A.B. asks: 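Provided herewith is a single structure, encoded as structure tokens, for subsequent inquiry.
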Protein chains: 2
Amino acid sequence: MEDEVDRLVAAWRRERPDLDVEPLEVLSRVSRLARHLDRARRTAFAEHGLEPWEFDVLTALRRAGSPYQLSPGQLLTQTLVTSGTMTNRIDRLTGKGLVKRLPDPDDRRGVLVRLTGDGRDRADQALAGLLAHERELLAQLTSGQQGELAALLRLLVAPFDNIPG
Amino acid sequence: MEDEVDRLVAAWRRERPDLDVEPLEVLSRVSRLARHLDRARRTAFAEHGLEPWEFDVLTALRRAGSPYQLSPGQLLTQTLVTSGTMTNRIDRLTGKGLVKRLPDPDDRRGVLVRLTGDGRDRADQALAGLLAHERELLAQLTSGQQGELAALLRLLVAPFDNIPG
DNA sequence: TTTGGATATCTTGATGTCGAGATACTTGCG
DNA sequence: CGCAAGTATCTCGACATCAAGATATCCAAA
């Protein structure tokens with residue numbers, strides 16, 4: 001089946017036949033798919049009363065394992081946002097009673113953000129909901145194709161994740 | 001090479017061994033890669049004095065071919081933003097002299113947004129720059145792998161692009 | 001011809017994000 | 001020890017986005 005990117009690439013070939021627009025076949029699809037996924041995630045989380053950004057923070061803490069705490073700095077690297085954004089997120093999650101701030105006993109500049117019981121429950125529920133939705137989207141692909149796709153994407157992401165940038 | 005998603009998946013398998021988190025192998029990579037790409041694009045466009053959102057609008061018009069004009073509604077579907085956002089974007093691009101608004105001769109509710117000569121030049125320059133950057137990122141993959149990746153991504157994006165949603 | 005629903009765009013107010021700078025504390029070098 | 005550079009977090013102002021609603025126009029059926 002054809003998609004928007006097929007149309008986009010065809011248009012460039014018509015308008016700029018001098019250019020090689022092959023890279024768009026991959027990267028424009030990544031960007032557009034991510035945008036669609038964001039919207040779908042927003043809908044999925046709404047069923048659990050969470051915003052996507054709340055999910056990102058809560059699940060990062062949940063994944064850390066008991067006692068479910070990380071520093072704001074660790075949260076930054078996992079969620080790819082700036083420090084000002086993270087401060088704001090922690091403030092709002094604290095207001096909702098989903099996390100709380102504790103002083104870091106080893107570094108008085110630092111803070112530890114810890115999941116509350118309520119926060120942990122919400123994270124677990126939302127994760128289950130998200131996985132159900134994502135499984136539907138991926139039903140287009142065989143299990144083997146999913147593996148291929150994951151492996152190819154890993155090759156592209158790894159440089160960003162390993163070389164500081 | 002390992003990436004952040006490998007670590008993320010491993011953490012979930014440790015914390016929630018009851019869940020099948022396989023979907024994250026694909027979709028979390030898509031989201032994270034898109035986020036990295038956004039940052040890289042921002043840097044690439046800065047060399048040409050453009051923001052990513054400006055590039056998106058200008059190139060949509062450029063691709064339309066002479067006389068380089070589209071309605072705001074057509075721009076919406078190509079850029080995946082809301083109508084309020086597009087109005088705002090057109091306002092600002094008009095202020096910079098890169099596009100101008102014309103009344104639609106066939107529909108008095110409507111408007112046509114047309115690229116100026118300056119806007120067209122900027123779009124062409126920025127596109128060349130973007131393709132150069134993207135080619136570097138894709139150097140991780142053989143030409144055959146790029147084709148596979150594009151085909152698999154198309155399977156996932158097509159439902160969004162073809163069924164209205 | 002009239003009327004009601006659909007369509008195209010714009011307006012408005014709230015919100016989340018970013019970037020730059022401020023503050024407080026830590027670390028390592030001399 | 002004392003100081004400079006580095007680090008962790010927070011503050012603040014600007015800005016882009018969104019959702020919902022307002023306005024103007026089109027179109028088709030009665």
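Excluded from the calculations below are hydrogen atoms, water molecules and symmetry mates; all remaining heavy atoms, backbone and side chain alike, are included. Residue numbers start from 1 in every chain, and the chains themselves are labelled A, B, ... in the order their sequence lines are given, proteins ahead of strands. Please read these numbers as outputs of a predicted model, since none were measured by experiment.
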A.B. asks: Enumerate the residues from residues 68-76 of chain A whose closest heavy atom to DNA chain C is under 4.0 Å, giving them by residue number; use none for an empty result.
C.D. replies: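 Of all residues in residues 68-76 of chain A, none places a heavy atom under 4.0 Å from DNA chain C.
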A.B. asks: What is the distance from atom NE2 of B:H48 to atom CD of B:E54, rounded to the nearest 0.5 Å?
C.D. replies: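 Answer rounded to 0.5 Å: 13.0 Å.
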A.B. asks: Under a 4.0 Å threshold between the charged nitrogen and the carboxylate oxygen, would A:K96 count as salt-bridged to A:D118?
C.D. replies: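 Answer for the salt bridge query: no.
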A.B. asks: For the pair made of CG in B:D104 and P in D:dA24, what is the distance, rounded to whole Å?
C.D. replies: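 Interatomic distance, CG of B:D104 to P of D:dA24: 18 Å.
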A.B. asks: Mind checking the CG-CG spacing from A:L127 to A:L58? Nearest 0.5 Å is all I need.
C.D. replies: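 Taking CG in A:L127 and CG in A:L58, the distance rounds to 11.5 Å.
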A.B. asks: Using a cut-off of 6.0 Å, state whether more than 12 heavy atoms not belonging to A:R13 lie near its atom CZ.
C.D. replies: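 It does: A:R13 CZ has more than 12 such atoms within range.
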A.B. asks: Would you say A:V9 and B:F55 are hydrophobically clustered, going by side-chain heavy atoms of ILVMFWY under 4.5 Å?
C.D. replies: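 Yes, A:V9 and B:F55 fall within the same hydrophobic cluster.
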A.B. asks: For DNA chain C, determine which residues of residues 80-103 of chain A have any heavy atom closer than 4.0 angstrom to one of its atoms, and list them numerically.
C.D. replies: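 Nucleic-acid contacts, sorted: A:V81, A:T82, A:G84, A:T85, A:N88, A:R89, A:R92.
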A.B. asks: Can A:D6 and A:R29 be counted as an ion pair, charged N to O under 4.0 angstrom?
C.D. replies: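 Between A:R29 and A:D6 there is a salt bridge, with a charged N closer than 4.0 Å to a carboxylate O.
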A.B. asks: If you group Ile, Leu, Val, Met, Phe, Trp and Tyr by side-chain heavy-atom gaps below 4.5 Å, do A:L27 and A:L24 land in one group?
C.D. replies: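 Different clusters.
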A.B. asks: Whole-Å distance between C:dT15 P and A:W53 CH2?
C.D. replies: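 It works out to 11 Å between those atoms.
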A.B. asks: For nucleotides 23-26 of chain C, which of its nitrogen or oxygen atoms have a protein nitrogen or oxygen under 3.5 Å away, and what is each distance?
C.D. replies:
{"from": "C:dT26", "atom 1": "OP1", "to": "A:R108", "atom 2": "N", "distance (Å)": "3.3"}

A.B. asks: Is any side-chain N of the basic residue among A:D20 and B:R135 closer than 4.0 Å to the acidic one's carboxylate O?
C.D. replies: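 So A:D20 pairs with B:R135 through a salt bridge.
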A.B. asks: Separation of B:E51 atom CD from C:dT17 atom C1', in whole Å?
C.D. replies: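 Interatomic distance, CD of B:E51 to C1' of C:dT17: 13 Å.
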A.B. asks: Please tell me which of A:R42 and A:V111 maps to the more 5' nucleotide of DNA chain D, matching each residue to the nucleotide holding its nearest heavy atom.
C.D. replies: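 Result of the comparison: A:V111.
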A.B. asks: Do the side chains of A:S71 and A:D104 get nearer than 4.5 Å, heavy atoms only?
C.D. replies: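 Counting from C-beta outward, A:D104 and A:S71 never come under 4.5 Å.
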A.B. asks: Answer yes when A:R42 and A:D38 have at least one side-chain N-carboxylate O distance shorter than 4.0 Å, and no when they do not.
C.D. replies: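 Between A:D38 and A:R42 there is no salt bridge, as every charged N stays at least 4.0 Å from the carboxylate O atoms.
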